[in-house]
Peer 1: 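The following block contains the structure, expressed as structure tokens.
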Amino acid sequence: MNQKKYKLKRLGKAPFQKKIDEDRFSINYQQELNASQYEAVSAVNGAYLIIAGAGTGKTRTLVYRVARLVESGYDPNSILLLTFTRKAANEMLKRASALLDDRCSKIRGGTFHSFANITLRKYSKALGVDSNFTILDQGDNQDIINLIRSQKGLISKERRFPKKETLNKVFSLNVNTEKSVEEIIEEEFPHFILELDQILEVQKIFTSYKRKNNLLDYDDLLVYLRDFLLSGNAASKKLLSSINFLMVDEYQDTNKLQADIVKGLADHNGNVMVVGDDAQSIYSFRGANFKNIIEFPKLFPDAQIIKIEENYRSVQTILDFANHVYDGAVEKYTKVLYTQKTGGELPIIVAAANENMQSRFIVEKILDLNEQGVNLNEMAVLFRSSFFSFDLEIELAKAGIPFQKFGGIKFIETAHVKDVLAFLRIASNPRDIVSWYRVLLLHEGVGPKTAQRVLDELANAKISIENNPGNKKEFSFEKLKDLFVFLYKLHTADAPPSERIGMVFDYFYPLFKNKYDDYHKRNKDLETLQNISENYRSLDSFLADMAIEPIIDSVTDISETDKEDDFLTLSTIHSAKGLEWHSVFVIHAVEGYFPSIRAAESLESLEEERRLMYVASTRAKQNLFVTYPMHMYNRIDGITLSKPSRFISEISTDKAQGWLVEDEF
């Protein structure tokens, strides 16, 4: 019998999907979500990259996926949701609980750093660290580095050596980008290349100092976590076996270290979903790596890519403008934002004679929109760099328009709050030399030399608050006897954080009044700190949260206008990401400023500037104005003719209309 040959074509696993019975769910997911959102939400096992364009309901998608996994019967505690702010994690779990039920609140949710903190304390023995380590913030790091610079004789008028802020940035980028210190110096600070050996020596001492004194900074938290996950030891396996599903928000903002952590967390069972938008990757200055989201399919070769492109924020004319801006990107996930919303004027590109005319136009337009019923808090002025708004701020003040400028010092970074926390950190970790130095210098008659002598005796264990040396006759620091007696009481007190803060206030208040002329204003911040502490039972958890998650802006930074409900927002584009307004003004869209001259030197930097323009334009719901002054002044060249930014210079008339501002006088 003749047999016909049949060649096998299908390879690998059969593509059959188990049909899901939607009736078993209490939520009608298909009805509540659009097709792309539903595809992401109903995905279960495997690796997924969700490219969620601006305003497409990214948070909604994550919330519904959390609810669906829980409703499908998976243990909520086996689901880990990593975000970039605690507020984002709490908001998602709160919304998921409201959508389904309280089971969603049992999901493990938090930032990379908070998850690292919890994990390192729980598995400290396996990691070889002391579980009561102190977390250093950026300011603490800089203080330690400055101490090392001073001790090494690297601070002098005759010699230019990197400042503490620069060194901290270099060391942090070294950890987060995995570039060598030499590479970073050559790229960012080439004028310091001859100091490379000394810089590396400072880094070596800095690293040793932290380890010796049981101190971990933000970067250390992630490094220790990554190494733990990749160690393959029993403790690591125990943690990984408890995580069934991993979800990561804002994946485009991750750095190399965080991508390694995601890989380590997902390697056990491969169930990982990351959500982000390549077009909104704008934080390279913090070490964020655009390549992470682009190369996710290389990290997880079987990953499925789902694009969510329906926008619920902006009118189509604004989306067409934004799509056009991002069309010019060299490396990207191609997507086209669209909306069901109707109407909307074309975005307006505004050319003004000079910077002041640009400011006056914005003021006049804000007043016009306000008269038409658009509240001030529904409008924002966005800029590439903070100093771009200085002239505008003057004109707004003249017109009596209240505004709030986003940026500046945060609550947790204010000197008086750091003073109070320093006392508590010593009580928690008596080896916290950074906090010791801060507390010692608060006292009258104690300067850097005396403080260093005390630190030396503490380091050599000649004195310690654990045995209350302040009560002993032979105690050699008479001026500080009361401090040591107090710290012994604070260290040994069996009391919650709120009571211990009360103890600190009683001791600190005379020092506080003496140090700060505006102590009555600053006192409001201390009251806020007391209120926050009421929510904690453990001093260590309170201090960890204070270090990892700055809570609020300082009261001392809030001007009288901020107390009004209705104010205009002035913001850098970086600070505006994730927000939206009815009407948005993007100012100073001038070549050499946006993009900056430096950005034009490399393709990577130029591409990020393009993404900044995309982020800025997609903040607008109804009106978008992009303005630029045609003449600019600088100290070297005087007044020069400027060119509009390359991102707007060649845009067609069907995407934007052009206005030329003239003075009627």
Side-chain angles (χ1 to χ4, degrees), residues 132-151 155 163-165 167-168 206 209-210 212-218 409-459 463-465 470 477 479-491 497 500-501 503-516 519 522-523 525-526 529 533 539-540 542-544 546-548 550 554 556:
N132 74 331
F133 58 80
T134 296
I135 300 172
L136 302 173
D137 64 18
Q138 187 170 280
D140 298 326
N141 272 2
Q142 292 171 6
D143 288 343
I144 295 172
I145 290 167
N146 210 38
L147 201 62
I148 296 167
R149 286 169 77 236
S150 177
Q151 290 171 346
I155 303 174
K163 293 180 179 177
K164 60 182 182 179
E165 296 87 355
L167 290 169
N168 187 49
F206 176 52
Y209 186 96
K210 288 186 293 179
K212 179 183 173 184
N213 292 293
N214 200 27
L215 307 169
L216 272 68
D217 61 25
Y218 295 158
I409 196 164
K410 299 297 181 188
F411 171 81
I412 208 69
E413 296 165 350
T414 53
H416 49 295
V417 171
K418 286 177 75 72
D419 291 342
V420 172
L421 292 176
F423 285 96
L424 296 169
R425 285 164 54 157
I426 293 169
S428 173
N429 174 16
R431 287 187 286 160
D432 185 345
I433 301 301
V434 179
S435 294
W436 267 110
Y437 194 68
R438 184 178 198 96
V439 164
L440 289 168
L441 292 179
L442 287 172
H443 293 77
E444 196 171 341
V446 179
K449 287 184 180 178
T450 303
Q452 189 58 56
R453 279 174 46 220
V454 176
L455 296 182
D456 290 342
E457 293 212 10
L458 285 164
I463 55 174
S464 167
I465 62 167
F477 300 99
K479 290 178 182 177
L480 297 170
K481 187 174 275 192
D482 289 344
L483 170 65
F484 275 78
V485 171
F486 168 69
L487 286 173
Y488 172 77
K489 289 179 182 175
L490 191 66
H491 175 62
R500 294 213 218 184
I501 284 182
M503 293 170 66
V504 173
F505 285 177
D506 290 341
Y507 179 89
F508 174 60
Y509 203 72
L511 305 173
F512 174 59
K513 287 177 70 175
N514 188 48
K515 184 176 180 182
Y516 302 106
Y519 68 88
R522 293 173 182 262
N523 198 48
D525 282 347
L526 301 186
L529 189 66
S533 71
L539 180 60
D540 287 342
F542 170 70
L543 290 173
M546 289 295 98
I548 293 170
S554 168
T556 58

Peer 1: Ion pair present between D140 and R438, side-chain N to carboxylate O less than 4.0 angstrom?
Peer 2: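 So D140 does not pair with R438 through a salt bridge.
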
Peer 1: Rounded to the nearest 0.5 Å, what separates atom CG in N213 from atom CH2 in W436?
Peer 2: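 The CG atom of N213 sits 12.5 Å away from the CH2 atom of W436.
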
Peer 1: Can you confirm whether T134 sits close enough to L543 that some side-chain heavy atom of one is under 4.5 Å from a side-chain heavy atom of the other?
Peer 2: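 Result no, sub-4.5 Å side-chain heavy-atom pair not found.
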
Peer 1: Go through the steps for E165 and I145 under the test side chain to side chain contact (heavy atoms under 4.5 Å, CB included), then give the verdict.
Peer 2: CA-CA 9 Å; E165 296 87 355; I145 290 167; over 6 Å; no

Peer 1: Which atom names give the shortest non-hydrogen contact between S428 and L539, and what distance separates them?
Peer 2: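 Between these two residues, the closest heavy atoms are CB-CD2, 4.2 Å.
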
Peer 1: Indicate yes or no: at least one non-hydrogen side-chain atom of L458 is less than 4.5 angstrom from one of R431.
Peer 2: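 Counting from C-beta outward, L458 and R431 never come under 4.5 Å.
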
Peer 1: Taking the six-membered ring for Trp, are Y507 and F423 parallel (under 30°), tilted (30 to 60°) or perpendicular (over 60°)?
Peer 2: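 The rings of Y507 and F423 stand perpendicular, inter-plane angle above 60°.
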
Peer 1: Got L483 and L440 here, is their nearest side-chain heavy-atom distance under 4.5 Å?
Peer 2: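 With C-beta onward as the side chain, the pair touches.
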
Peer 1: Report yes if some heavy atom in the side chain of F486 is under 4.5 Å from a heavy atom in the side chain of D506; otherwise report no.
Peer 2: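 No, too far: nothing below the 4.5 Å cut-off.
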
Peer 1: Is there a side-chain contact between V454 and Y437, using heavy atoms and a 4.5 Å cut-off?
Peer 2: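 They are not in side-chain contact.
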
Peer 1: Could you pull out all residues at least two apart from Q151 that satisfy side-chain contact (heavy atoms from CB on, under 4.5 Å)?
Peer 2: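 Applying side-chain contact (heavy atoms from CB on, under 4.5 Å) to Q151 gives L147, Q452.
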
Peer 1: Do Q138 and D217 come close enough that some side-chain heavy atom pair is under 4.5 Å?
Peer 2: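 No, side chains not in contact.
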
Peer 1: Out of K210, K212, R425, which residue meets the salt bridge (charged side-chain N to carboxylate O under 4.0 Å, His left out) rule with D432?
Peer 2: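 The passing option is R425.
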
Peer 1: Looking just at side-chain N and O atoms, do N132 and N214 make a donor-acceptor pair shorter than 3.5 Å?
Peer 2: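 Side-chain D/A pair, N132 to N214: present.
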
Peer 1: For V439 and F508: C-alpha separation, side-chain torsions, deciding distance, then whether side chain to side chain contact (heavy atoms under 4.5 Å, CB included) applies.
Peer 2: CA-CA 10 Å; V439 164; F508 174 60; over 6 Å; no

Peer 1: Not counting sequence neighbours, which residues clear side-chain hydrogen bond (donor to acceptor under 3.5 Å, both in side chains) with N146? List them please.
Peer 2: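 Partners of N146 by the side-chain hydrogen bond (donor to acceptor under 3.5 Å, both in side chains) criterion, ordered by chain and then number, come out as R149.
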
Peer 1: Does L529 form a side chain to side chain contact (heavy atoms under 4.5 Å, CB included) with V420? I'd like the steps, not just the answer.
Peer 2: CA-CA 9 Å; L529 189 66; V420 172; 3.8 Å; yes

Peer 1: Can the ring centres of Y509 and F512 be said to be less than 6.0 Å apart?
Peer 2: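 Ring-ring flag for Y509/F512: true, centres closer than 6.0 Å.
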
Peer 1: Where do A427 and R500 come nearest, in terms of heavy atoms and distance?
Peer 2: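 Heavy atoms only, the tightest pair is CB-NH1, 4.2 Å.
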
Peer 1: The criterion is side-chain hydrogen bond (donor to acceptor under 3.5 Å, both in side chains); which residues satisfy it with S533, sequence neighbours excluded?
Peer 2: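 Checked S533 against side-chain hydrogen bond (donor to acceptor under 3.5 Å, both in side chains); zero matches.
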
Peer 1: Are L424 and F542 side-chain neighbours, meaning at least one heavy-atom pair lies under 4.5 Å?
Peer 2: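 A side-chain contact exists here, since the closest heavy-atom pair is under 4.5 Å.
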
Peer 1: Is it the case that the side chains of N141 and N168 hold a donor-acceptor pair, with the cut-off being a distance below 3.5 Å and no angle test?
Peer 2: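 Yes, side-chain donor-acceptor contact under 3.5 Å.
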
Peer 1: Write down the atom of Y488, the atom of I465, and the distance for their closest heavy-atom approach.
Peer 2: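 Nearest heavy atoms, Y488 then I465: CD1-O, 2.9 Å.
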
Peer 1: Grab the two heavy atoms, one from P448 and one from L441, that are nearest each other, plus how far apart they are.
Peer 2: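 Taking P448 first and L441 second, the nearest heavy atoms are N-CD2, 3.8 Å.
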
Peer 1: From L421 CG over to I426 CD1, what is the distance, rounded to the nearest 0.5 angstrom?
Peer 2: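 Between L421 CG and I426 CD1, I get 11.5 Å after rounding to 0.5 Å.
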
Peer 1: Is there a side-chain contact between I144 and L215 (heavy atoms, below 4.5 Å)?
Peer 2: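 They are in contact (side-chain heavy atoms under 4.5 Å apart), so the answer is yes.
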
